[in-house]
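Have a look at the structure below, then the notes.
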There are 2 protein chains.
Amino acid sequence: MLKHIPVAAESTHCSTCMMGSVCLPVGMPASEVAKLDDLVKDRIRLQKGQALFQHGEKLDALFGLRTGSIKTQLDEANGAHQITGFFLPGEIVGLDGMIEGEHSSTAIAMEDSEACVVKLQDIDEISRYVPSLQHQVRRLMSREIARSHQVLLALGSMRSEQRLAAFLLNLSQRLTALGYSPSEFIMRMSREELGNYLGLTLETVSRLFSRFAREGIIIVNQRDIKITDMAALNELIGKPC
Amino acid sequence: MLKHIPVAAESTHCSTCMMGSVCLPVGMPASEVAKLDDLVKDRIRLQKGQALFQHGEKLDALFGLRTGSIKTQLDEANGAHQITGFFLPGEIVGLDGMIEGEHSSTAIAMEDSEACVVKLQDIDEISRYVPSLQHQVRRLMSREIARSHQVLLALGSMRSEQRLAAFLLNLSQRLTALGYSPSEFIMRMSREELGNYLGLTLETVSRLFSRFAREGIIIVNQRDIKITDMAALNELIGKPC
DNA sequence: CGAACTATTGAAATAGCTCAACCGCGGTGG
DNA sequence: CCACCGCGGTTGAGCTATTTCAATAGTTCG
């Protein structure tokens with residue numbers, strides 16, 4: 001059972017949340033953000049491995065990740081699955097599969113995590129007096145489409161080393177936006193999960209890490225990554241530094 | 001320059017459009033659809049090869065494809081590109097890249113086509129008295145996300161023959177929804193475009209067509225396809241008929 | 001009719017996969 | 001405390017699906 005935590009009156013709301021600058025309100029006029037306080041009525045605390053929602057479940061809310069990290073995946077009939085995204089704090093999970101009111105994917109916590117629950121009906125309610133909220137949801141969904149197109153680009157037209165380079169650069173950027181170091185971080189996902197996401201086997205991913213390390217591009221210690229030559233990564237994906 | 005055609009008063013509106021059952025209004029209550037008449041104020045006629053919109057252009061509208069077919073692609077700096085979707089009549093183009101009000105992709109007509117223009121500001125306007133319109137847009141965007149996740153699944157975890165099988169089945173289904181034959185159709189895209197979309201080379205695609213034909217699964221005549229063994233295709237993608 | 005695409009087919013090269021062995025680390029229980 | 005297990009990661013060797021390069025043919029179109 002999911003652990004729900006009602007958001008107490010004196011607790012953090014969107015308008016006072018530290019994540020505001022990168023989360024749902026990002027880019028909204030401050031005057032409007034102030035009116036979002038009723039948007040999040042509770043939060044969910046997840047333990048590592050727990051599902052935030054599962055394929056086929058009724059969908060009536062979006063989730064703003066506050067702490068931790070989450071992966072989303074498409075489950076296949078034969079038991080296999082394809083990971084479609086890794087989410088960091090401030091990012092919105094659950095934008096896919098509002099078709100027929102059912103989730104089309106499954107979201108699983110990769111470490112202990114906490115997410116704000118944003119009910120769809122509250123979005124509708126609040127957009128009546130916060131006109132920009134609907135635009136915001138559209139913008140977030142649009143960004144999610146663009147994001148998955150980027151992954152499509154990687155899977156469709158990059159070689160293995162480029163996929164990993166693109167992934168590391170993307171992760172670095174997103175972590176930077178959260179205030180972390182651009183060049184040193186801990187990956188929450190296993191080699192297998194990363195391989196699944198990138199359309200490679202776990203062995204290939206492992207070999208790539210070793211090779212990048214041998215070439216002096218990164219320093220690898222299990223999931224602890226230090227990027228020592230950002231330019232080389234950019235060059236790999238054809239972006240002249 | 002794009003050819004705009006104002007929609008005359010007596011012309012077809014969403015409420016009377018033949019495509020209504022598969023296009024933007026799909027699933028909306030009939031009473032609401034009746035109020036959508038001001039949603040489309042003009043249409044665009046495109047010649048084969050012409051762009052409906054290009055990467056970086058200002059985005060202020062969605063497009064409902066009325067006739068023809070359109071491909072969307074991500075353009076890379078080095079001149080390469082990744083095709084992210086093929087669109088048929090009734091499908092909505094332009095849902096990606098409402099970020100920063102700019103298109104993140106380019107949409108190109110694969111044959112002479114015509115699209116209804118749905119201005120974003122008209123959507124906002126009309127949703128004031130057609131409450132379900134916002135839901136509808138959300139639903140359509142969500143479907144677009146789910147769609148691209150399906151492609152991700154194909155690119156990430158299927159072998160070449162499965163990708164082509166999945167593609168043919170998907171195309172067949174969509175054409176059926178439009179009232180065409182499920183088993184006999186003309187593909188609007190070249191082997192190269194299909195290969196690009198599926199993350200394969202054009203030669204591999206060509207060989208796969210030849211092989212499927214040799215195995216009695218399809219009959220191929222250039223872009224003219226006849227599926228003779230639908231069950232075999234389903235089996236290929238692991239869906240026991 | 002010839003030019004320029006578009007598709008097919010073959011042969012050789014290779015990127016990434018499969019199978020398999022091994023290592024290291026963290027927990028667990030005798 | 002230490003032996004043992006299991007899991008995640010690394011590395012090697014051989015294999016194979018797909019690509020690359022190349023030659024040929026069919027189709028479209030001015």
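Naming convention: chains lettered A, B, ... in sequence-line order (proteins, then strands); numbering from 1 in each chain.
I186(A) has its CD1 atom 13 Å from the P atom of dG9(D), to the nearest Å. Atom CG of L194(A) is separated from atom P of dT10(D) by 11 Å (rounded to the nearest Å). Spacing between atom CG of L155(B) and atom C1' of dT18(D) amounts to 14 Å, rounded to whole angstrom units. The NZ atom of K48(B) sits 10 Å away from the P atom of dT28(D) (whole-angstrom rounding). Rounded to an integer number of Å, the gap from CG of L164(A) to P of dG9(D) is 13 Å.
In terms of modelled atom types and a separation under 3.5 Å, the side chain of S206(B) and the main chain of L202(B) share no donor-acceptor contact.
Atom CD of E215(A) sits in a crowded spot, with more than 12 heavy atoms from other residues, nucleotides or ligands closer than 6.0 Å.
In this structure, CG in L95(B) is found 7.5 Å from OG in S142(A), a value given to the nearest 0.5 Å. In this structure, the separation between CG on L140(A) and CD on E91(A) is 10.5 Å, given to the nearest 0.5 Å.
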Contacts under 3.5 angstrom, residues 145-161 of chain A side chains, donor-acceptor by atom type, not counting sequence neighbours:
unit_1	atom_1	unit_2	atom_2	d
R147(A)	NE	E144(A)	OE1	3.3
R147(A)	NH2	T84(A)	O	3.2
R147(A)	NH2	E144(A)	OE2	3.0
S148(A)	OG	I145(A)	O	3.1
S148(A)	OG	S148(B)	OG	2.6
S157(A)	OG	L153(A)	O	3.0
R159(A)	NH1	E161(A)	OE2	3.3
E161(A)	OE1	R211(A)	NH2	2.2

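Within the 4.5 Å cutoff, no side-chain heavy atoms of S105(A) are placed close to those of H55(A).
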Nucleotides 5-17 of chain C: protein proximity per nucleotide (B base, S sugar-phosphate only, - neither; heavy atom, under 4.0 Å): -SSBBBB----SS

